S.K.: 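Sending over a structure as structure tokens; questions will come in a sec.
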Amino acid sequence: MLQVPFIRQNKALVLERLTLKNFKELDLVEEVLALDDKRKKLTLEYDETQAKVNSASKEIGKLMAQGQKDEAESRKSEVASLKEKLHPINEELAVTEKVLIQTLSKLPNLPAAIVPPGKTPEENIEVRKGGDIPALYSGAVPHWDLAKKYDLIDFELGNKITGSGFPVYKNRGARLQRAMIQYFLDYNTSKGYIEYQVPHLVNEASGFGTGQLPDKEGQMYFVTEDELYLIPTSEVPLTNIFRDEILKDTDLPYKLTSYTPCFRREAGSYGKDVRGLNRLHQFDKVEIVQIVHPDKSYEILDEMVAHVEGLVQSLELPYRILRLCGGDMGFASALTYDFEVYSTAQQKWLEVSSVSNFETYQANRAKARFKDGAGKPQLVHTLNGSSLALPRILACILENNQTAEGIQIPAVLQPYFGSDKIV
RNA sequence: GGUGAGAUGCCUGAGUGGCCGAAAGGAACGGUUUGCUAAACCGUCGUACGGGUUAAACUGUACCGAGGGUUCGAAUCCCUCUCUCACCGCCA
């Protein structure tokens with residue numbers, strides 16, 4: 001959530017930045033300010049009336065102790081009339097506060113100064129690229145054919161057990177997935193990230209804290225009976241570890257990593273985008289999260305991008321790093337870099353990581369704070385990134401490394417996989 | 001799932017209607033003492049939203065798991081919910 005005092009002091013900037021994010025409901029800004037004014041007015045009114053009640057009550061107590069019953073009774077009736085006023089004020093205040101939060105929640109985060117303008121993925125800016133796109137082997141086929149040929153993934157079996165988008169990995173396909181998880185986690189922990197295993201279902205407060213709720217409700221699977229959501233990414237449980245916490249500034253930054261499956265409904269996706277491993281309802285991902293001092297977050301964002309880049313490079317895959325334009329960014333993000341790897345057999349780039357700085361947007365929703373030098377609570381900045389999402393990496397390894405003799409396994413994965421080739 | 005007990009500040013823990021935003025101890029932080037460490041001593045040690053101020057000081061309101069109720073007045077009494085613990089049942 002944006003902070004109301006900030007909106008108040010920087011209204012023009014807020015409107016300009018929201019426009020860059022291709023946000024249309026600009027009237028909401030004015031609405032938020034009006035609601036906040038109303039909230040303040042009602043708060044004052046309530047507090048003043050309640051103060052009168054409190055002091056009268058104290059006096060009644062004294063009068064009773066002194067045996068001045070008549071005087072006490074008259075003060076009682078005075079309090080009663082004050083309380084009649086109090087109830088409606090209180091109710092209106094509660095409604096106003098609720099609507100304020102609801103309205104404020106509809107405003108996305110403001111894009112950082114260096115976010116390029118644009119509405120579509122075509123307008124993202126390529127900031128770096130690396131690796132060579134290999135010449136296409138003459139007998140090359142897409143990964144879904146390779147998966148069948150080498151008996152690595154059974155898509156039909158997933159259809160039977162659950163539905164489309166829930167593939168079954170088997171044999172060396174399953175082994176390769178496990179090898180990647182292991183390697184990615186080891187890579188992250190070697191750079192100071194603390195490994196976590198977190199719940200795969202979260203409550204509503206957690207969904208709100210990271211910005212998935214209420215807006216992206218349809219993206220998450222919901223377990224009605226227990227009112228829990230299946231996580232769309234481990235960002236949600238990891239970041240919510242810090243919800244309603246006041247941290248010590250000397251403990252910052254917190255660096256966390258976790259492997260979890262991720263569940264996404266992907267309602268409305270269809271066609272060739274969902275072929276094979278390209279877009280799934282359940283997939284595996286290793287995530288990195290940092291909780292940092294506001295002064296350091298952009299420096300740390302760069303550090304995280306470099307961290308993920310090192311991981312992609314070690315897999316020897318052709319990649320590019322994009323700075324997302326305003327219109328392509330996520331709701332809660334202030335600046336996002338996407339990593340894409342090139343799938344030779346499909347001849348297209350596939351997103352395998354998204355690294356973002358949320359500044360105080362999530363922290364304000366989750367009330368994640370630290371005590372600054374003066375001992376005052378201040379919102380932290382939160383960042384996260386995939387390191388990495390597995391299915392598309394798997395697709396690219398299979399497609400790019402295929403030869404007539406089989407599929408070559410990247411050197412860094414071989415110790416985990418137990419072999420250098422799939423034949 | 002059943003039965004019983006409980007939920008107070010960073011922690012332990014007192015508080016059963018007004019003097020309680022909350023005793024006491026511990027931890028932590030700052031300082032004094034000390035050759036260093038330890039000990040001792042002094043001080044600080046909630047959050048949110050308002051008012052106020054250049055900023056402070058100061059000040060109002062709320063919060064003792066959450067929500068509601070009784071009362072002039074609630075941490076304290078009542079109701080509902082959530083969670084925790086113990087025992088039983090079931091079970092990886």
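Treat the numbers as computed from the prediction; the structure is a model and nothing was measured. Every chain is numbered from 1 and lettered A, B, ... according to where its sequence line falls, protein lines coming before strand lines.
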S.K.: Give me the distances for all protein-to-nucleotides 7-12 of chain B N/O pairs that come in under 3.5 Å?
M.R.:
none

S.K.: Can you sort out the partners of A:E351 under salt bridge (charged side-chain N to carboxylate O under 4.0 Å, His left out), two or more places apart, ordered by chain and number?
M.R.: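 A:E351 satisfies salt bridge (charged side-chain N to carboxylate O under 4.0 Å, His left out) with no other residue.
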S.K.: CD of A:E245 versus P of B:U47: gap in Å, rounded?
M.R.: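 Going from CD in A:E245 over to P in B:U47 covers 14 Å.
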S.K.: In whole angstrom, what separates A:D372's CG from B:U47's P?
M.R.: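 Whole-Å distance recorded here is 11 Å.
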S.K.: Atom pairs under 3.5 Å, N or O on each side, protein against nucleotides 77-84 of chain B: can you list them with distances?
M.R.:
none

S.K.: For the CG atom of A:L301 and the NE2 atom of A:H381, what is their distance to the nearest 0.5 Å?
M.R.: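 Here the interatomic distance stands at 12.0 Å.
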S.K.: Can you give one letter per nucleotide of nucleotides 63-71 of chain B, going 5' to 3': B for a protein heavy atom under 4.0 Å from the base, S for sugar-phosphate only, - for none?
M.R.: --------B
S.K.: If the P atom of B:U8 is compared with that of B:A62, how far apart are they to the nearest Å?
M.R.: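 Going atom to atom, P in each nucleotide, I get 22 Å.
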S.K.: What does nucleotides 55-62 of chain B look like as a protein-contact string, B for base, S for sugar-phosphate only, - for none, at under 4.0 angstrom between heavy atoms?
M.R.: -----BSS
S.K.: Restricting to pairs with a member in residues 151-180 of chain A, which pass ring-ring contact (aromatic ring centres under 6.0 Å, His included), not counting sequence neighbours?
M.R.: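 Qualifying pairs: A:F166-A:H281.
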S.K.: Provide, to the nearest angstrom, the distance between the CD atom belonging to A:Q3 and the C1' atom belonging to B:A48.
M.R.: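 From A:Q3 CD to B:A48 C1': 14 Å.
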S.K.: One thing to verify: whether A:E78 and A:R75 come together as a salt bridge, which I'm taking to mean a side-chain N less than 4.0 angstrom from a carboxylate O.
M.R.: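 Looking at A:R75 and A:E78, the cut-off is met.
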S.K.: When the C1' atoms of B:G25 and B:C91 are compared, how many Å lie between them, rounded to an integer?
M.R.: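 Their C1' atoms lie roughly 43 Å apart.
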S.K.: B:A5 pairs with which nucleotide, Watson-Crick or G-U wobble, both distances below 3.5 Å?
M.R.: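 Partner of B:A5: B:U84.
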S.K.: Take the protein atom CG of A:L247 and the nucleotide atom P of B:U47, then report the distance between them rounded to whole Å.
M.R.: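 Distance check: A:L247 CG to B:U47 P gives 13 Å.
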S.K.: Atom CD of A:Q68 to atom P of B:C72: distance rounded to whole Å?
M.R.: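 Going from CD in A:Q68 over to P in B:C72 covers 19 Å.
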S.K.: Once you apply the 3.5 Å cut-off to both distances, tell me the Watson-Crick or G-U wobble partner of B:U47, or none.
M.R.: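 Here B:U47 is engaged in a pair, and the nucleotide opposite it is B:A62.
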S.K.: Of the residues in residues 198-210 of chain A, which ones touch RNA chain B at a heavy-atom distance under 4.0 Å?
M.R.: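 Heavy-atom contacts with RNA chain B come from no residue of residues 198-210 of chain A; none.
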S.K.: Tell me the interatomic distance from A:K371, atom NZ, to B:U47, atom C1', rounded to whole angstroms.
M.R.: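 After rounding, the gap between these two atoms is 9 Å.
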S.K.: Would you say the side-chain atoms of A:E235 and A:N384 include a donor-acceptor pair closer than 3.5 Å?
M.R.: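 A:N384 and A:E235 do have a side-chain donor-acceptor pair below 3.5 Å.
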S.K.: Can you measure A:R39 atom CZ to B:A48 atom P for me and round it to whole angstrom units?
M.R.: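 Distance, rounded to whole Å: 13 Å.
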S.K.: Kindly write out the residues that satisfy side chain to side chain contact (heavy atoms under 4.5 Å, CB included) with A:E303, not counting sequence neighbours, or none if the list is empty.
M.R.: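 A:Y193, A:K255, A:Q290, A:I300.
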S.K.: Partner of B:A27 by Watson-Crick or G-U wobble geometry, both contacts under 3.5 Å, or none?
M.R.: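 Partner of B:A27: none.
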S.K.: Which whole number of Å gives the distance between the P atom of B:U16 and that of B:A7?
M.R.: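 My reading of the P atoms in B:U16 and B:A7 gives 13 Å.
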S.K.: With 3.5 Å as the limit, what N/O pairs link the protein to nucleotides 90-92 of chain B?
M.R.:
none

S.K.: Residues two or more places apart in sequence or in another chain: which of them pass side chain to side chain contact (heavy atoms under 4.5 Å, CB included) with A:Q182?
M.R.: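 Here the qualifying residues are A:D186, A:Y416.
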S.K.: Paired with B:C19 by Watson-Crick or G-U wobble geometry, both distances under 3.5 Å: which nucleotide is it?
M.R.: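 Base partner found: none.
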S.K.: Do the ring centers of A:H307 and A:Y187 come within less than 6.0 Å of each other?
M.R.: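 Between A:Y187 and A:H307, which both carry aromatic rings, the centre distance is below 6.0 Å.
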S.K.: Starting at CZ of A:R8 and ending at P of B:C49, how long is that distance when rounded to a whole Å?
M.R.: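 Going from CZ in A:R8 over to P in B:C49 covers 13 Å.
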S.K.: Could you list all N or O pairs between the protein and nucleotides 19-22 of chain B that sit under 3.5 Å apart?
M.R.:
none

S.K.: Give every residue pair that meets the salt bridge (Lys or Arg N to Asp or Glu O under 4.0 Å) criterion with at least one member in residues 35-48 of chain A, sequence neighbours excluded.
M.R.: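 Every salt bridge (Lys or Arg N to Asp or Glu O under 4.0 Å) pair that includes a residue of residues 35-48 of chain A, provided the two are not neighbours, is A:R8-A:D36, A:R8-A:D37, A:D36-A:R39, A:K38-A:E92.
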